[in-house]
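Working notes, structure below.
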Amino acid sequence: MTTARRIDGKAKAEQLAESITGQTASLLKKHGITPGLAVVIIGEDPASKVYVRNKKRRAEACGFYSVQHTLPANVSQPEVLKLLDDLNHDNAIHGILVQLPLPGHLDEQAITQSISPSKDVDGFHFINIGKLTAGHTADAFVPCTPAGCMLMIEDELGPDLSGLNAVIIGRSNIVGKPMASLLMQRNATITVAHSRTRDLPGVVRNSDIVVAAVGRPNMVKADWVKPGAVIIDVGINRIEETIDGESRSRLTGDVDYDAVCAVAGAITPVPGGVGPMTITMLMFNTLRSARLSAGLED
Ligand code: NAD
């Protein structure tokens, strides 16, 4: 029985963060610029609070100027837009992100689209989505999760995916669709599967690369997987279980990890795979934005 290589997203993210920290120090030394990241959190969602805390911590560790704006759950739409307008005009800030999901009364699309495309380090602005889709990535921001997945896929298979079949399970704007664009640009033949796809196991069985971004624990089974395939598990699912009479919660992905390990060529674990890469790609985009603002990027 073979065992898939475990793709260590945590270690790769650490390595990348080290390089970002070095480049940040040199940007300050040579050009007097410190990348600035502003994170806006609205309301009390516990998972969002953890994500925001981790982003702030990582930004500071990279040597960034980092600010957090915490707004009450009942903040009005104009108040949010005013804050974003101020941040758009603040020269010390190169990256702005609004942590999703937002409280129901706020218009998520209007808020996301009010961030200047040149500071949209999440890559959610239509300008950045359009540039990515058209293959103009030189000055576009690519959404962090698919960008991180792409780096891990490249590590396994190299930059040219000609002749390989890839399936992305999930068609969200933040993961599935940009992931499809990135894989297509690397010459993979792609299928985007979703809740209406017929015979998903059959589609997966035909794929050399599988990116699972659904939010269903252990959905991708071992007998769906082509031997040797590279599996990127984006899903984050919290499972409650009882061990020795004690109730505990743990995180699991969308892939039945232990069983799939026996068939796949390489696989990302959850936790420790895509998650840490996502946060580090946010730092990558913010550094890039600071460099672009000073005319220092290609
Ligand atoms: P979403 O909730 O917006 O969309 C889920 C997608 O899954 C939809 O396109 C839907 O069509 C598809 N789907 C639902 N049921 C299906 C089924 N039975 N078969 C096939 N497809 C099905 O998704 P999202 O925001 O992209 O998030 C997906 C998962 O990835 C979640 O678990 C989320 O927490 C996780 N996530 C992780 C990171 C990270 O950094 N690791 C980042 C973003 C999202």
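Just so you know, ligand 1 is whichever comes first in the structure, and atom 1 is the first atom listed for that ligand. Along the sequence shown, residues are numbered consecutively beginning with 1. Remember, it's a predicted structure, so these values are computed and weren't measured experimentally.
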Write out the residue and atom name of the closest protein heavy atom to [atom], then the distance separating them to 0.1 Å.
atom	value
atom 33 (C) of ligand 1	Ile236 N, 4.2 Å
atom 25 (O) of ligand 1	Ile174 CD1, 3.8 Å
atom 4 (O) of ligand 1	Ser172 CB, 4.1 Å
atom 2 (O) of ligand 1	Val214 O, 4.2 Å
atom 11 (O) of ligand 1	Ser195 N, 3.1 Å
atom 21 (N) of ligand 1	His194 C, 3.1 Å
atom 31 (C) of ligand 1	Gly215 CA, 3.8 Å
atom 43 (C) of ligand 1	Val175 CG2, 3.8 Å

Does a sphere of radius 6.0 Å around [atom1] in [X] hold more than 12 heavy atoms from other residues, nucleotides or ligands, not counting ones at 6.0 Å or beyond?
X	atom1	answer
Leu151	CG	yes
Lys82	NZ	no
Asn91	CG	no
Glu154	CD	yes

Ionic contact status for [Y] with [X], cut-off 4.0 Å:
X	Y	answer
Glu240	Arg250	no
Lys49	Asp45	no
Glu246	Arg248	yes

Minimum non-hydrogen distance to atom 18 (N) of ligand 1, winning option of Arg216, Arg238, Met281: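 Looking at heavy atoms only, Arg216 sits closest to atom 18 (N) of ligand 1.
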
Is_contact(atom 27 (O) of ligand 1), protein non-hydrogen, under 4.0 Å: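 No; the ligand atom in question lacks any protein heavy-atom contact below 4.0 Å.
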
Proximity flag Gly235 to ligand 1, non-hydrogen atoms under 4.0 Å: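 Per 4.0 Å heavy-atom rule, Gly235 contacts ligand 1.
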
Close approach, Gly176 and ligand 1, non-hydrogen under 4.0 angstrom: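 No, Gly176 has no heavy atom closer than 4.0 Å to ligand 1.
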
Please classify the [X] to ligand 1 contact at 4.0 Å (heavy-atom distances, strictly less than): side chain, backbone, both or neither.
X	result
Met277	neither
Val234	both
Thr278	side chain
Ile169	side chain

Can a donor-acceptor pair be found between the side chains of [X] and [Y] at a distance below 3.5 Å?
X	Y	answer
Thr70	Gln68	yes
Thr145	Thr278	yes
Glu18	Thr21	no
Asn218	Thr252	yes

Atom indices of ligand 1, in the order listed, that fall short of 4.0 Å to a heavy atom of Gly275: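 Within the 4.0 Å cut-off of Gly275, ligand 1 contributes 40 (O), 41 (N).
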
